[in-house]
Amino acid sequence: MSDDDISLLIEFFERCGPEVKGHGLIGLRVEQSAMIERFIAGRCDDAERRELSRFLQLHPAWIRWIAERIKTGRDLDEVSPATGS
């Protein structure tokens, strides 16, 4: 393997960023975690949605995690006693 190959590999890993692991917001800054939680709860303003969009473009692995959290929340709402189900 040449030095160029190693450099390309290092650049690739640097661009990928951290992988999503587990079932929580571990590995994110406090502000990012709070913004994601506000988004899931439907309380983000336009500026936060744009910021979250930029974040997800850089870290697309979080999209699936967020989608699962939203889906789980909807599923819970459908079977909650308040809805009469």
Side-chain angles (χ1 to χ4, degrees):
M1 186 179 277
S2 72
D3 287 339
D4 289 335
D5 292 338
I6 293 172
S7 295
L8 287 172
L9 188 58
I10 290 171
E11 286 177 29
F12 172 77
F13 285 123
E14 287 174 350
R15 282 195 317 261
C16 287
E19 297 225 4
V20 178
K21 295 180 181 174
H23 299 286
L25 295 172
I26 297 168
L28 294 179
R29 293 191 326 255
V30 173
E31 306 85 40
Q32 292 169 323
S33 296
M35 180 176 50
I36 290 172
E37 291 295 342
R38 282 192 302 277
F39 176 77
I40 291 170
R43 296 189 315 257
C44 273
D45 60 21
D46 288 340
E48 285 181 317
R49 281 191 288 274
R50 284 190 297 273
E51 185 178 343
L52 183 59
S53 176
R54 287 189 294 270
F55 171 78
L56 292 174
Q57 287 174 356
L58 295 173
H59 307 283
W62 284 102
I63 295 170
R64 179 177 294 239
W65 187 88
I66 292 170
E68 287 297 321
R69 284 284 309 271
I70 292 170
K71 183 180 180 306
T72 300
R74 286 184 182 158
D75 291 346
L76 291 174
D77 287 344
E78 290 176 3
V79 296
S80 74
T83 61
S85 298

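Taking both residues in full, the closest heavy atoms of R69 and I40 are given as CB-CD1, 3.7 Å, listed atom of the first, atom of the second, then distance.
Rounding to the nearest 0.5 Å gives a distance of 10.5 Å between CD of E51 and CG of L56. The CD atom of E68 sits 11.5 Å away from atom CD1 of I66, with the distance rounded to the nearest 0.5 Å. Within the model, atoms CZ of R50 and CG of D45 stand 8.0 Å from one another, a figure rounded to the nearest 0.5 Å. Between the CD atom of Q57 and the CG atom of L52 there is a distance of 10.0 Å, given to the nearest 0.5 Å. In this structure, the separation between CD on Q32 and NE2 on H59 is 6.5 Å, given to the nearest 0.5 Å.
A donor-acceptor pair is defined here as one N or O able to donate and one able to accept, closer than 3.5 Å; no such pair exists between the side chain of S53 and the backbone of R49.
Aromatic ring orientation, W65 versus W62: perpendicular (interplanar angle above 60°, classes split at 30° and 60°).
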